[in-house]
Amino acid sequence: PFDSVTGYDDRDGFFIMTSIPVKHIENLTMLRTALSTMVTPAGIGRVHEVPGAQRIIVMDFAPTVVAMVRVVREMDVDPEPVVTQTIVLKHAPAVALAATLKELFATPDPTPAQRGQMGPYEPQPGPRVAAYEPGNAVVVVAREADFARIREVVKQLDVPPSE
């Protein structure tokens with residue numbers, strides 16, 4: 001099993017194979033492509049995907065396989081949960097505040113140089129904010145960490161108008 005390969009990270013010249021289960025990475029082809037850049041050249045190392053089993057099979061010298069296992073463990077994490085909440089405003093107009101929040105929390109497009117480093121561009125979805133005028137509220141769909149920051153900004157901006 002892949003958990004036992006970590007003891008082989010210093011075994012140069014020792015060829016091993018393991019099967020790595022993947023829980024949260026949906027695109028195994030992209031994972032295989034990424035791991036394939038790590039294999040020993042000249043056709044020695046191999047990486048195969050097994051989509052139906054949600055597994056990646058790697059064969060190479062032990063230190064390389066251990067490095068691949070570590071990369072998969074770092075990448076295969078449970079995505080942060082997304083919450084949807086409505087924040088009723090007391091003072092600020094919903095449309096104006098929603099526009100401000102969209103501007104503050106928009107996910108910027110990567111520069112061409114960043115895109116080149118990232119491979120196919122798959123943006124992380126940023127927070128989504130919409131105004132609900134009849135209830136003078138903003139509806140927020142965001143990761144929990146982003147939502148906490150948004151709530152803090154709303155608290156600071158939803159104040160009585162100064163005279």
Side-chain angles (χ1 to χ4, degrees), residues 1-87 97-132 138-154:
F2 82 102
D3 282 333
S4 62
V5 301
T6 54
Y8 291 93
D9 54 350
D10 61 349
R11 302 280 306 263
D12 281 334
F14 194 66
F15 195 84
I16 62 174
M17 175 187 80
T18 193
S19 170
I20 309 169
V22 179
K23 293 180 183 175
H24 306 289
I25 298 173
E26 294 179 14
N27 192 333
L28 292 182
T29 302
M30 286 184 73
L31 178 60
R32 177 184 47 79
T33 302
L35 293 175
S36 293
T37 64
M38 298 173 68
V39 298
T40 303
I44 294 174
R46 299 254 192 255
V47 179
H48 298 284
E49 60 189 273
V50 186
Q54 283 300 105
R55 290 183 170 275
I56 291 285
I57 297 173
V58 293
M59 298 168 267
D60 208 321
F61 291 112
T64 303
V65 171
V66 171
M68 289 183 197
V69 167
R70 288 183 180 139
V71 166
V72 173
R73 283 183 183 157
E74 288 176 18
M75 293 174 58
D76 192 32
V77 295
D78 195 5
E80 189 177 348
V82 174
V83 294
T84 303
Q85 289 195 11
T86 301
I87 304 170
L97 187 57
T100 301
L101 292 172
K102 286 177 188 178
E103 187 174 328
L104 289 172
F105 293 96
T107 303
D109 288 333
T111 65
Q114 290 171 324
R115 253 186 244 119
Q117 293 172 349
M118 296 177 351
Y121 175 53
E122 290 187 26
Q124 291 294 324
R128 294 189 329 218
V129 179
Y132 177 66
V138 289
V139 180
V140 179
V141 179
R143 293 188 186 104
E144 290 179 4
D146 288 334
F147 186 78
R149 292 179 23 231
I150 289 170
R151 183 170 278 299
E152 186 58 35
V153 170
V154 169

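Computed from heavy atoms alone, side chains included, the values below leave out hydrogens, waters and symmetry copies. Start at 1 with the first residue, then count along the sequence.
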Within the supplied structure, the quantity of interest is the number of heavy atoms (other residues, nucleotides, ligands) at a distance under 6.0 Å from Tyr8 OH; does it exceed 12?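 No, because the 6.0 Å sphere around OH of Tyr8 holds 12 heavy atoms or fewer from other groups.
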Crowding at CZ, Arg70 (>12 non-hydrogen neighbours, <6.0 Å):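 Counting neighbours around CZ of Arg70, more than 12 heavy atoms of other residues, nucleotides or ligands fall under 6.0 Å, so yes.
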[X] vs [Y] side-chain heavy atoms within contact, under 4.5 Å:
{"X": "Val72", "Y": "Ile56", "value": "no"}
{"X": "Val39", "Y": "Ile44", "value": "no"}
{"X": "Lys23", "Y": "Asp78", "value": "no"}
{"X": "Val140", "Y": "Gln85", "value": "no"}

Within this structure, what is the [atom1]-[atom2] distance for the pair [X] and [Y], rounded to the nearest 0.5 Å?
{"X": "Ile25", "Y": "Gln54", "atom1": "CD1", "atom2": "CD", "result": "9.0 Å"}
{"X": "Arg149", "Y": "Leu104", "atom1": "CZ", "atom2": "CG", "result": "9.5 Å"}
{"X": "Leu35", "Y": "Thr64", "atom1": "CG", "atom2": "OG1", "result": "11.5 Å"}
{"X": "Met59", "Y": "Ile16", "atom1": "CE", "atom2": "CD1", "result": "11.5 Å"}
{"X": "Arg128", "Y": "Thr84", "atom1": "CZ", "atom2": "OG1", "result": "7.5 Å"}
{"X": "His48", "Y": "Ser19", "atom1": "NE2", "atom2": "OG", "result": "12.0 Å"}

Compare every heavy atom of [Y] with every heavy atom of [X], then report the nearest pair and how far apart it is.
{"X": "Ala62", "Y": "Arg11", "result": "CB-O, 3.6 Å"}
{"X": "Ala130", "Y": "Ala98", "result": "C-CB, 4.1 Å"}
{"X": "Leu28", "Y": "Pro51", "result": "CD1-CA, 3.6 Å"}

For Phe147, enumerate each residue passing the ring pair (Phe, Tyr, Trp, His ring centres under 6.0 Å) test, keeping only those at least two apart in sequence or located in another chain.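 Partners of Phe147 by the ring pair (Phe, Tyr, Trp, His ring centres under 6.0 Å) criterion come out as none, since no residue qualifies.
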Does Glu144 have any side chain to side chain contact (heavy atoms under 4.5 Å, CB included) partners at least two apart in sequence or in another chain, and if so, which?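 Listed in chain order: Glu80, Pro81, Val83.
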Would you say the side-chain atoms of Asp60 pair up with the backbone N or O of Val65, donor to acceptor, closer than 3.5 Å? no
Would you please test Thr86 and Tyr132 for side-chain contact (heavy atoms from CB on, under 4.5 Å) and show each step? CA-CA 9 Å; Thr86 301; Tyr132 177 66; 5.7 Å; no
Please list all pairs passing the salt bridge (charged side-chain N to carboxylate O under 4.0 Å, His left out) test where one or both residues lie in residues 26-44, with sequence neighbours left out. Arg32-Glu49
